[in-house]
Amino acid sequence: MREKKKSMAFHLIRRHMLGIVGIAILLGWVIMAILAPYLTPYGATQQDFQSRLQPPSAAHLLGTDQLGRDLLTRILYGGRISIPMAIIIVIFGACVGVAIGSVAGYWGGYIDNALMGLTEVFQTFPTIILAMVIATALGPSLLNAGLALVLSWWPAYARLARGLVLKLKQNEYVESVRVLGASNSYILLRAILPNALDQMIVLATLDLGNAIIALAGLSFLGLGAVPPEPEWGRMVAEGVKVFTQWWVATFPGMAILSLAAAVNFLGDSLRDWIDRQTASPPTSRWKERVQ
């Protein structure tokens with residue numbers, strides 16, 4: 001019995017190895033961001049002109065930038081910006097999209113046509129282009145960049161939510177709850193959306209990497225974080241100005257790449273795991289809730 005359990009555990013780990021790697025990298029970044037003040041003796045904005053553009057060394061493990069600031073320190077503090085901002089962007093974008101898509105899918109008719117028409121208008125433009133337009137109108141700042149991405153991020157969730165609601169509202173357990181006298185809001189919020197949550201989580205997990213890259217892209221273009229904020233995209237933009245000093249742009253870029261890859265590994269593994277789940281909620285469960 002123990003050998004069988006060990007074999008199953010080994011098979012599970014091997015099947016989801018990329019997901020485990022993604023979790024490890026993501027947790028590593030979160031821990032380093034939280035402990036940033038204790039992992040480096042420098043400040044994120046501390047300047048030392050005598051040490052400007054120094055290559056990686058024992059004193060500065062990842063080198064310094066054109067103002068003599070320690071790159072490792074700025075990258076660690078940058079994780080305190082990029083990770084929370086990406087999570088906020090995805091959460092708010094998902095909430096807006098799920099609300100619009102679920103209402104459109106459940107009530108249908110002219111409500112569906114109006115809301116999906118609005119969604120199609122937003123989807124006419126690529127997400128990053130629309131975010132650039134909004135961020136330009138609002139002005140360069142990290143908050144405005146996040147708001148711009150939220151306003152351009154929700155259509156994918158709206159379409160997914162609408163499709164799932166259209167499919168799930170035809171199921172027998174939903175009809176059973178309706179026959180028992182449940183209200184439309186109860187059916188939507190308690191009987192339908194919980195069963196669509198797994199797909200939403202997968203999309204949100206995969207979107208975290210896209211949000212990190214998009215936020216870095218806006219900052220790279222001067223539409224996001226402003227100096228001296230240690231945001232990774234802004235650091236890459238500053239490194240491009242001194243391209244011969246390769247470390248200034250390379251290490252922040254590697255931070256973006258590693259974190260985006262980690263959440264994509266996690267999202268792919270989570271999607272594979274959810275696709276193998278075939279259990280459906282029993283009708284009796286919903287009867288008990290209504291009663």
Side-chain angles (χ1 to χ4, degrees), residues 29 33 44-45 65-67 69 74-101 115-161 203-243 248-249 251-261 263-264 267:
W29 272 115
T45 59
D65 62 10
Q66 53 268 55
L67 296 178
R69 297 172 295 192
R74 288 179 62 77
I75 289 173
L76 292 178
Y77 277 89
R80 292 183 160 196
I81 296 175
S82 296
I83 297 174
M85 282 297 296
I87 294 174
I88 291 171
I89 290 167
V90 170
I91 288 176
F92 277 83
C95 288
V96 173
V98 169
I100 292 175
L115 293 178
M116 285 301 101
L118 177 64
T119 303
E120 290 176 359
V121 170
F122 274 81
Q123 284 194 311
T124 302
F125 306 94
T127 301
I128 189 63
I129 300 299
L130 181 58
M132 287 170 57
V133 172
I134 298 173
T136 302
L138 296 176
S141 78
L142 196 59
L143 179 61
N144 290 342
L147 179 59
L149 286 171
V150 169
L151 294 176
S152 57
W153 212 261
W154 61 267
Y157 292 91
R159 284 204 165 278
L160 177 61
L203 179 58
T205 304
L206 291 170
D207 257 358
L208 274 176
N210 297 328
I212 292 167
I213 294 173
L215 181 63
L218 290 181
S219 295
F220 180 86
L221 296 172
L223 299 174
V226 295
E229 290 178 306
E231 200 278 330
W232 291 341
R234 185 71 191 183
M235 294 171 66
V236 173
E238 293 172 351
V240 171
K241 298 176 184 177
V242 287
F243 196 73
V248 181
F251 290 122
M254 290 176 63
I256 298 170
L257 175 63
S258 65
L259 190 54
V263 294
N264 275 280

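Throughout, residue positions are numbered sequentially from 1 according to the sequence presented.
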Main chain of P140, side chain of N144: is a donor-acceptor contact present, judged purely on distance under 3.5 Å? no
Hey, does T127 have a side-chain heavy atom less than 4.5 Å from the side chain of F122? no
Steps toward side-chain contact (heavy atoms from CB on, under 4.5 Å) verdict (V263, L206): CA-CA 6 Å; V263 294; L206 291 170; over 6 Å; no
What I want to check is whether the side chains of W29 and S258 have a donor and an acceptor closer together than 3.5 Å. yes
Spacing of I89 atom CD1 and L208 atom CG [to the nearest 0.5 Å]: 9.5 Å
Quick one: do M235 and D65 satisfy side-chain contact (heavy atoms from CB on, under 4.5 Å)? Show the steps, please. CA-CA 9 Å; M235 294 171 66; D65 62 10; over 6 Å; no
Do you know which two heavy atoms are closest between A33 and G79, and how far apart they sit? CB-C, 3.9 Å
Residue pair Y157 / D207: nearest heavy atoms and the distance that separates them: OH-OD2, 2.8 Å
Search all heavy atoms of L215 against all heavy atoms of A145 and return the closest pair with its distance. CD1-CB, 4.1 Å
Atom OG1 of T124 and atom CD1 of I129: how far apart are they, to the nearest 0.5 Å? 13.5 Å
Straight-line distance of M85 CE to E231 CD, nearest 0.5 Å: 9.0 Å
Is the closest basic N to carboxylate O distance between R80 and E229 below 4.0 Å? no
Approximate separation, where rounding is to 0.5 Å, of S82 OG and I87 CD1: 11.0 Å
Would you sort out whether T119 and W154 count as a side-chain contact (heavy atoms from CB on, under 4.5 Å), showing the intermediate values? CA-CA 8 Å; T119 303; W154 61 267; 3.3 Å; yes
If you round to the nearest 0.5 Å, how far is OH of Y77 from CZ of R69? 14.0 Å
Closest non-hydrogen atom pair between A135 and A148, with its separation: N-CB, 3.7 Å
Side chains of P230 and I75, heavy atoms from C-beta outward: is any pair under 4.5 Å? no
Going by side-chain contact (heavy atoms from CB on, under 4.5 Å), F92 matches just one of I88, V96, V90. Which one? I88
Taking A225's backbone N and O only, do any of them form a donor-acceptor pair with S219's side chain (distance below 3.5 Å, no angle check)? yes
Interatomic spacing from CD1 in I128 to CD1 in I213 - rounded to 0.5 Å: 10.0 Å
Would T136 and L223 count as a side-chain contact (heavy atoms from CB on, under 4.5 Å) if you check the C-alpha gap in whole Å, the side-chain angles of each, and the deciding distance to 0.1 Å? CA-CA 7 Å; T136 302; L223 299 174; 3.7 Å; yes
Output yes when a side-chain donor or acceptor of E238 lies under 3.5 Å from a complementary backbone atom of F220, and no otherwise. no
Compute whether any side-chain donor of one residue and acceptor of the other, for W153 and N210, lie under 3.5 angstrom apart. no
Taking the side chain as every heavy atom from C-beta outward, state whether R74 and R234 have any atom pair closer than 4.5 Å. no
Here the pair of heavy atoms bringing G97 nearest to A161 is O-CB, 4.4 Å
For N264 against G209, the heavy-atom pair lying closest together: ND2-CA, 4.1 Å
